[in-house]
Trainee: 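Let me give you the structure first, and then I'll get to my questions.
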Amino acid sequence: MDNELILVIDFGGQYNQLIARRVREHNIYCEVISYKTPVEEIKERNPKGIIFTGGPNSVYLGDAPRMPKEIFEIGVPILGICYGIHFMVYGLGGIIGKANENAAAEFGRTDCEFDLSCPVFEGLKEKSVVWMSHNDYIEKLPEGFKAAGHSDKCPFAAIADDTRKFYGVQFHPEVNHTEEGKGMLGNFLYKVCGCKGDWTMSNYAKTAIAQIREKVGSGKVLLALSGGVDSSVACALLSKAVGDQLTCVFVDHGFMRKNEGDEVEAAFRDWNVNFVRVDASDRFIGKLEGVSDPETKRKTIGEEFIRVFEEEAKKIGKVDYLVQGTIYPDVIESGLGDAAVIKSHHNVGGLPDCVDFKEIIEPLRLLFKDEVRKLGTELGLADYLVWRQPFPGPGLAIRIMGEITREKLAILQDADLIFREEIAAAGLDRSINQYFAVLTNMRSVGVMGDDRTYDYALALRGVTTTDFMTADFARIPYEVLEKVSVRVVNEVKHINRVVYDVTSKPPATIEFE
């Protein structure tokens, strides 16, 4: 890849992937790498700049994550954020101390004042609100640095060494709570690093198509097609790259939304691709009999998907490559470098060790969800496919809490359809980025027709998000929720209670399992 590169060095903070997302919003490609990455390897990648992330540690502790001092000698601009500013100060000879009466800890919204002669803050407001989260503070600056911003409790809320182009901020410019955060990052990227902004989906499409053609050559390709946004965009990309060398296999594992198998088949019927539909519902449901643990569900489904694709590949003839619609959040949540595994995605952490393909191609692996949609539009995909509701590969298997049965599947399919119908009828299907129903494993007492019931509680989930790395719960009007609740308890047997999830991500994930 020949794009300009910004490297985000991960020290274990909660907003690390969000930093990468914000950089890409400025049309600049970036990647998140571990602080354990050798400095020589970083230098060889020739980044335009480096961003140190936040982290939960105190830099002066013995087990704190640190890098060799050579990271400061490779000659590129560096921006340190939160823990990143502490590592920069500590690594260059300054002193970091525990917050005290002279420089207190700060958390949340904080007023700050900035030196607008500093290129990071040039053209922005002199006073603005930032998002602080720190127990430690800068006690002494290294040689060559000066203060570039302060709050009432933090004398070094921002620092600058213009000669070496090293900058640091005690707060988090990547979060929306920091009013001028986007501008601060943009200034660092364009005014300090000298980026031009060459990361566009038009360029990405051309590069990806060329790379796929070169890799595949005359080989045959099998695409795992779910009908969702990611695999549909991957299908469009592969179709342009290798034409009739591509076969799309849609595996109906029995955990689809109501009528979805027929809808997917209809959507791709008129495409100029080889389309194969496999009804594997009995074998998938049988594999999950008695399974309640969500990680086991994902890994079991992931392995079974591969086995079905291997069987279909043998029917086609020798297939060299398997293509998946894996996207960047899938990779991150399944564990990237030293990052914690939030949940294994069936197409990443759920893959078996032995796969009967020459190679797995994941052309969307570096993209966030909104970038995937932009790419789909660039490739000429129909609007209804680009904006289709996201649906996890394991499907309703991870939206049924606990053990899966055919009865539970039927209950959830009916309830989920009602929820989606009412959201669409209210005109909210584009403003809510993801919405779905979950059949909980909780049963409670109710009363219907003067009789006592003891049935399932249905949870509704709706979120708004730009990147699916963070999300806020959607403020669905009460009258819409009421319509859904009334219809569900009247039309779907074995549900007597409907609740709405008002938790953001973090601390929750978007899916329940």
Trainee: Just do the side-chain hydrogen bond (donor to acceptor under 3.5 Å, both in side chains) check on Gln413 and Glu260 with the steps written out, would you?
Mentor: CA-CA 10 Å; Gln413 285 173 332; Glu260 189 156 32; over 6 Å; no

Trainee: Working to the nearest 0.5 Å, report the span between CG of Leu375 and CG of Leu367.
Mentor: 6.5 Å

Trainee: Can you name the ring pair (Phe, Tyr, Trp, His ring centres under 6.0 Å) partners of Phe309, sequence neighbours left out?
Mentor: Phe305

Trainee: Is there a donor-acceptor contact under 3.5 Å from the side chain of Arg22 to the main chain of Val175?
Mentor: no

Trainee: Looking at side-chain heavy atoms only, is the closest gap between Phe284 and Val251 below 4.5 Å?
Mentor: yes

Trainee: Would you say the side-chain atoms of Tyr321 pair up with the backbone N or O of Lys215, donor to acceptor, closer than 3.5 Å?
Mentor: yes

Trainee: State, yes or no, whether a side-chain contact exists between Val489 and Val498 at a heavy-atom distance under 4.5 Å.
Mentor: yes

Trainee: Would you call Lys182 and His26 a side-chain contact if the rule is heavy atoms closer than 4.5 Å?
Mentor: yes

Trainee: Would you give the length of the straight line joining atom CG of Asn203 to atom CD of Glu378, rounded to the nearest 0.5 angstrom?
Mentor: 9.0 Å

Trainee: If you compare all heavy atoms of Ile411 against all heavy atoms of Lys493, which two are closest, and at what distance to 0.1 Å?
Mentor: CG1-O, 3.8 Å

Trainee: Would one find more than 12 heavy atoms of other residues, nucleotides or ligands at under 6.0 Å from atom CD of Glu482?
Mentor: no

Trainee: Got a donor-acceptor contact below 3.5 angstrom from the Asp198 side chain to the Asn3 backbone?
Mentor: no

Trainee: Which heavy atom of Leu364 sits nearest to which heavy atom of Ala234, and what is that distance?
Mentor: CD1-N, 4.0 Å

Trainee: Taking the basic N atoms (NZ, or NE/NH1/NH2) and the acidic carboxylate oxygens, is any pair closer than 4.0 Å for Glu263 and Arg257?
Mentor: no

Trainee: Working to the nearest 0.5 angstrom, can you tell me the gap between Cys235 SG and Leu246 CG?
Mentor: 5.5 Å

Trainee: Are Lys314 and Glu311 within salt-bridge range, i.e. N to O under 4.0 Å?
Mentor: no

Trainee: Gln245 side chain to Gly219 main-chain N or O, any donor-acceptor pair under 3.5 Å?
Mentor: yes

Trainee: Between Thr247 and Asn274 (side chain of the first, backbone of the second, donor and acceptor by atom type, cut-off under 3.5 Å), is there such a pair?
Mentor: no

Trainee: For a 4.5 angstrom cut-off between non-hydrogen side-chain atoms, does Glu403 reach Val291?
Mentor: no

Trainee: Within 45° of the ring axis of Phe368 and under 6.0 Å from its six-membered ring centre, is that where the NZ or CZ of Arg24 lies?
Mentor: no

Trainee: Hey, are Lys258 and Asp416 close enough for a salt bridge, meaning a charged N less than 4.0 Å from a carboxylate O?
Mentor: no

Trainee: Set out, in order, the CA-CA distance, both residues' side-chain angles and the distance that settles side chain to side chain contact (heavy atoms under 4.5 Å, CB included) for Val216 and Ile361, then state yes or no.
Mentor: CA-CA 10 Å; Val216 171; Ile361 298 175; 3.9 Å; yes

Trainee: CG/Leu366 to OH/Tyr29 distance, rounded to the nearest 0.5 angstrom?
Mentor: 3.5 Å

Trainee: Would you mind checking if Arg406 and Asp282 are paired as a salt bridge, meaning a charged N to carboxylate O distance below 4.0 Å?
Mentor: yes

Trainee: Under 4.5 Å between any side-chain heavy atoms of Phe436 and Phe391, yes or no?
Mentor: no

Trainee: Give a yes or no on whether Glu289 atom CD has more than 12 heavy-atom contacts from other residues, nucleotides or ligands under 6.0 Å away.
Mentor: no

Trainee: Is there a side-chain contact between Ile306 and Leu322 (heavy atoms, below 4.5 Å)?
Mentor: yes

Trainee: Checking side chain to side chain contact (heavy atoms under 4.5 Å, CB included) against Phe255, which of Leu412, Leu409, Ile400 comes through?
Mentor: Leu409

Trainee: Using 0.5 Å steps for rounding, measure from the CG atom of Leu5 to the SG atom of Cys30.
Mentor: 8.0 Å

Trainee: Do Glu265 and Phe250 come within less than 4.5 Å of each other through their side chains, counting heavy atoms only?
Mentor: no

Trainee: When Val32 is tested against each of Val23, Val8, Ile9 for side chain to side chain contact (heavy atoms under 4.5 Å, CB included), which residue passes?
Mentor: Val8

Trainee: Which atom names give the shortest non-hydrogen contact between Val233 and Leu379, and what distance separates them?
Mentor: O-CD1, 4.0 Å

Trainee: Taking Leu481's backbone N and O only, do any of them form a donor-acceptor pair with Ser485's side chain (distance below 3.5 Å, no angle check)?
Mentor: no

Trainee: Could you report the tightest heavy-atom contact between Leu237 and Ala205, atom names first, then the distance?
Mentor: CD1-O, 4.3 Å

Trainee: Can a donor-acceptor pair be found, under 3.5 Å and without considering hydrogens, that links the side chain of Arg283 to the backbone of Ser281?
Mentor: no

Trainee: Would Lys318 and Asp320 satisfy side chain to side chain contact (heavy atoms under 4.5 Å, CB included), going step by step from the backbone distance to the final call?
Mentor: CA-CA 6 Å; Lys318 179 170 172 52; Asp320 300 294; 3.5 Å; yes

Trainee: Stepwise, does the side chain to side chain contact (heavy atoms under 4.5 Å, CB included) test hold for Ile476 with Tyr435?
Mentor: CA-CA 10 Å; Ile476 299 176; Tyr435 51 91; 5.5 Å; no

Trainee: Between Asp370 and Glu25, does the side chain to side chain contact (heavy atoms under 4.5 Å, CB included) criterion hold? Intermediate values first, please.
Mentor: CA-CA 10 Å; Asp370 60 316; Glu25 285 177 357; 5.6 Å; no

Trainee: Any chance you could measure Thr377, atom OG1, to Leu385, atom CG, to the nearest 0.5 Å?
Mentor: 11.0 Å

Trainee: Could you list the residues that satisfy side chain to side chain donor-acceptor pair (under 3.5 Å) with Thr178, not counting sequence neighbours?
Mentor: none

Trainee: Less than 4.5 Å apart, any side-chain heavy atom of Asp455 and any of Ile495?
Mentor: no

Trainee: Just to verify, what does Tyr83 make a ring pair (Phe, Tyr, Trp, His ring centres under 6.0 Å) with, not counting sequence neighbours?
Mentor: Phe11

Trainee: Of all the heavy-atom pairs spanning Lys369 and Val229, show the shortest one and how long it is.
Mentor: NZ-CB, 4.5 Å

Trainee: Over all heavy atoms of both residues, which pair between Ile212 and Ala241 is shortest? Give the atoms and the distance, please.
Mentor: CG2-CB, 3.7 Å

Trainee: Do side-chain atoms of Arg399 reach the backbone of Glu511 as a donor and acceptor pair under 3.5 angstrom?
Mentor: no

Trainee: Do the charged groups of Glu303 and Arg307 touch, with an N to O distance under 4.0 Å?
Mentor: yes

Trainee: Any donor-acceptor pair under 3.5 Å linking the side chain of Lys374 with the backbone of Ser202?
Mentor: no

Trainee: Salt-bridge test for Arg277 and Asp279: reply yes if a basic N is under 4.0 Å from a carboxylate O, no otherwise.
Mentor: no

Trainee: Donor-acceptor pair, distance only, cut-off 3.5 Å: does the side chain of Arg430 make one with the backbone of Trp387?
Mentor: no

